[in-house]
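What follows is a single structure, written as structure tokens, with notes after it.
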Number of protein chains: 2
Amino acid sequence: MPLGQKLPEGMRYDVYTQACPSRLVLDRVADKWAVLILGRIDDEPVRFNQLRREIQGISQKVLSQTLKKLERDGLIRREVFATVPVTVEYSITNLGKTLADTIRSLARWAEANIEAVTQAQRRYDEAQS
Amino acid sequence: MPLGQKLPEGMRYDVYTQACPSRLVLDRVADKWAVLILGRIDDEPVRFNQLRREIQGISQKVLSQTLKKLERDGLIRREVFATVPVTVEYSITNLGKTLADTIRSLARWAEANIEAVTQAQRRYDEAQS
DNA sequence: CGGTATCCGATGGGATACTG
DNA sequence: CAGTATCCCATCGGATACCG
């Protein structure tokens, strides 16, 4: 049931009930770092420190934690290669790909509308002062 | 520039640089409560306590804060009616509508794939133990 | 290289009480 | 009804140090 759609009397939107499983997914998606990582890991596999360099501002700890969550959710795959020193590659799964597509449309919205948003913020802030 | 797309050598993805304005938008979007509120406020205006009831689990404080942010970003509109007691109606703006559409596609993804995600989590957890 | 462990300060957000 | 104010605790996340 999509958000914001009309429902028969007496019914509630699933997503707004606390026990709703969709909220679990939302919790994962509503994570800035997870979104950035999922957006970055595309077709070709990426290594840990490569991600760290490309996603500026993420700490080693948070990157590690977020990768684990994404792997647990079946959105990315972690492969270890017994080189010296060890190499670890992260790649996106088929499931993750479908989510990444949706996320990309979000990113496109952000880039298309950042101007309108900052303008609105300026108007709001001036009206307050 | 959409996420995950190939770039000419030496260029970086905008979204991955710290100063990128798109990150500001992402910060707002990557907010579980903001997403739920934006998804709920559709065509017809909604009142404060109505939202509070329908979005289960949100506290008065967080609802108030999040509504303010969304209004500041120009995504929702706040109208006060001088009734007794006072009535406040929140409605979505044209800008907000375009974002809500994107968000709904995210919610659809969640509802369509929650099963696959929880299954992946079970597999992961069993492999760990 | 690819992490984990620990410490610790900032922030988020719930509970409660109060107000125009 | 529609909030604001305060307290307070839990989680987030940065910094640093260490490891296979």
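The shown structure was predicted, so the numbers you read here are calculated from the model rather than taken from an experiment. Just so it is clear: chains get the letters A, B, ... in the order the sequence lines come, proteins before strands, and each one is counted from 1.
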Take the protein atom [atom1] of [X] and the nucleotide atom [atom2] of [N], then report the distance between them rounded to whole Å.
X: B/Gln128; N: C/dT4; atom1: CD; atom2: P; result: 11 Å
X: A/Leu63; N: C/dG3; atom1: CG; atom2: P; result: 8 Å
X: B/Glu79; N: D/dG3; atom1: CD; atom2: P; result: 13 Å
X: B/Asn49; N: D/dC1; atom1: CG; atom2: P; result: 5 Å
X: A/Arg53; N: C/dG3; atom1: CZ; atom2: C1'; result: 15 Å
X: A/Phe81; N: C/dG2; atom1: CZ; atom2: P; result: 11 Å
X: A/Arg47; N: C/dC1; atom1: CZ; atom2: P; result: 7 Å
X: B/Ile37; N: C/dG13; atom1: CD1; atom2: C1'; result: 13 Å

Discussion item. Set out, in order, the CA-CA distance, both residues' side-chain angles and the distance that settles side-chain contact (heavy atoms from CB on, under 4.5 Å) for A/Glu79 and A/Val88, then state yes or no.
Written reply: CA-CA 6 Å; A/Glu79 284 176 292; A/Val88 179; over 6 Å; no

Item to complete: Output yes when A/Asp125 and A/Arg122 qualify as a salt bridge under the 4.0 Å nitrogen-oxygen rule, no when they do not.
Response: no

Fill in: Salt bridge present between A/Asp31 and B/Lys32 (N-O < 4.0 angstrom)
no

Short side-chain to backbone donor-acceptor contact, [X] and [Y], under 3.5 Å:
X: A/Thr102; Y: B/Ser105; answer: no
X: A/Arg77; Y: A/Ser91; answer: no
X: B/Thr118; Y: B/Ile114; answer: yes
X: A/Thr93; Y: A/Leu75; answer: yes
X: A/Thr66; Y: A/Val62; answer: yes

Worksheet entry | Verdict with reasoning, A/Glu54 to A/Arg40, per salt bridge (charged side-chain N to carboxylate O under 4.0 Å, His left out) | CA-CA 9 Å; A/Glu54 294 185 5; A/Arg40 174 61 194 84; 2.2 Å; yes

Practice prompt. May I ask you to verify if any side-chain N or O of B/Arg52 is less than 4.0 angstrom from the OP1 or OP2 atom of D/dA2?
Written response: no

Discussion item. Less than 4.0 angstrom between a side-chain N/O of B/Tyr90 and OP1 or OP2 of D/dG3, yes or no?
Written reply: yes

Worksheet item: Which parts of nucleotides 4-15 of chain D does protein reach within less than 4.0 Å, heavy atoms only, written one letter per nucleotide 5' to 3' as B for base, S for sugar-phosphate only and - for none?
Response: B-BB-----BBB

Item to complete: Determine to 10° how strongly the helix from C/dC1-D/dG20 to C/dG20-D/dC1 is bent, judged from the axes of its five-pair ends.
Response: 50°

